[in-house]
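Take a look at the structure set out below.
So that the names make sense, note that chain A is the first sequence line, chain B the second, and so on, each numbered from 1. Just the heavy atoms: all of them, side chains too, but no hydrogens, waters or symmetry mates, feed the values below.
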2 protein chains.
Amino acid sequence: MEEIDRRIVTLLARDGRMSFTDLARETGLSVSAVHQRVRRLEKRGVVRGYAAIIDHDAVGLPLTAFVSIKPIDPAAPDDAPERLAHLSAIEACHSVAGDESYILKVRVASPVALEDLLQQIRASANVSTRTTVVLSTPYEHRAPELAPSEEAGEPETRQDGIA
Amino acid sequence: MEEIDRRIVTLLARDGRMSFTDLARETGLSVSAVHQRVRRLEKRGVVRGYAAIIDHDAVGLPLTAFVSIKPIDPAAPDDAPERLAHLSAIEACHSVAGDESYILKVRVASPVALEDLLQQIRASANVSTRTTVVLSTPYEHRAPELAPSEEAGEPETRQDGIA
DNA sequence: CATAACGACCGAATTCCATTCAGCACCGCC
DNA sequence: GGCGGTGCTGAATGGAATTCGGTCGTTATG
């Protein structure tokens, strides 16, 4: 992926509704060329979709928390993500290195709802939980800055010293 | 906020590029009515924006981590979010309850880049860090299910009995 | 009760944008 | 040089976004 595609991705990450006309202006390409590139980025899965960013306070889910989970029976098969997928209060599930096995990001309406959710998590996945409540969120969903790289996942620095 | 608005928000959270025509069909309203509602939701800040969801592996940022930070000098003014805002590798910053004061979500290109970022974080905010590396992400960015409620942050159950 | 004011809706008109298509230029390859 | 592939442009078309005028129902007010 090269420069222009990276630029397109950055712009769309910042404004997912930017028109092809504007993207064309920003990239210096024609409308049909950017259109083609965006479609390709979508097809390749570089752009996985588009979403509205919503204010969770405003929609009745003012309480955010991170829930770290650890299997109670370490020998049992680890299928926690699937077991928890039906809980729509769980916004994200990350498998992590460290003492615990997953970190979940959850959004609920109230402390009581959180308590209830934790019970469901424990029951559904047979895990113990450790919860960190979010007090406020200074920022979130910031778009990354895509620095020069070539294909997928390149080192951004490369020390070579001599040529 | 009532039923139809909640429905609109849910739909847009799932597909930020859904057309007004489709939203109209889904909600049973006319195109101009949904248009009006969406504009109002945007103006009120319920919908804070739109973003493309990108595959970080594909854009050269395959390494995600959670960095918990704790001030080295507890007496110093706590302005870590502003001090860290310039680091574009930081996607989100949450103030949290518990032992540590903030949890950052970061995306970098490589372990070396993570090491470098951690140093910048410590230097910029005068904090100690504890890092949890993400191994994989079963899911992320799931749209919440907006259950009945009226204004912002209502109890999710209400018993009334008679009409 | 009349009526004014407001809010939400609809349908039509207009403008703008997404999408497609036919060409053209630039490779790399045989 | 001919050929196929890739990426671009500009024009054409269809569909969507946005605006506007008008209707209806509700509420406040005299």
Exercise for review: Kindly say if A:T21 contacts the phosphate of C:dA18, meaning a side-chain N or O under 4.0 Å from OP1 or OP2.
Suggested key: yes
Check your understanding: When you measure from the side chain of B:R14 to the backbone N and O of A:A52, does any donor-acceptor pair fall under 3.5 Å?
Key -> no
Review point. Is A:R40 near enough to D:dG7 that one of its side-chain N or O atoms lies under 4.0 angstrom from OP1 or OP2?
Key: yes
Check your understanding: Side chain of B:R142, backbone of A:I90: donor and acceptor closer than 3.5 Å?
Key -> yes
Study note, to complete from the structure: Among D:dA17, C:dA8, C:dA18, the one nearest any side-chain atom of A:F20 is C:dA18
Review point. What is the distance, rounded to the nearest whole Å, between atom CD of A:Q36 and atom C1' of C:dC24?
Key: 14 Å
Revision key, fill the gap. Of the candidates C:dA8, D:dC8, C:dA18, the side chain of B:R37 sits closest to C:dA8
Check your understanding: Would you find a donor on one side and an acceptor on the other, under 3.5 Å apart, between the side chain of B:S101 and the backbone of B:I69?
Key -> yes
Revision key, fill the gap. Between CG of A:D5 and C1' of D:dG7 the distance, given in whole Å, is 11 Å
Check your understanding: If you look at every strand shown and take non-hydrogen atoms under 4.0 Å, does B:A33 touch a base, only sugar-phosphate, or nothing?
Key -> sugar-phosphate
Check your understanding: How long is the line joining CG of A:D22 and C1' of C:dA18, in whole Å?
Key -> 13 Å
Exercise for review: To the nearest Å, give me how far apart CZ (B:R25) and P (C:dC10) are.
Suggested key: 14 Å
Review point. Which heavy atom of B:R17 sits nearest a heavy atom of A:G16, and at what distance?
Key: NE-O, 3.0 Å
**Study point:** Sugar-phosphate, base or nothing in reach of B:S19, heavy atoms under 4.0 Å
**Key:** sugar-phosphate
Study note, to complete from the structure: To the nearest angstrom, the CE-C1' distance between B:M18 and D:dG15 comes to 17 Å
Point to revise | Integer-rounded Å distance: C:dC21 P and A:R39 CZ | key: 14 Å
Exercise for review: Nearest whole angstrom, please: distance from the P of D:dG21 to the NE2 of B:H35.
Suggested key: 16 Å
Check your understanding: Are the side chain of A:E2 and the backbone N or O of A:I4 linked by a donor-acceptor pair below 3.5 Å?
Key -> yes
Check your understanding: What integer distance in Å separates B:I4:CD1 from C:dA8:P?
Key -> 11 Å
Check your understanding: D:dG10 base to A:S32 side chain: any donor-acceptor pair below 3.5 Å?
Key -> yes
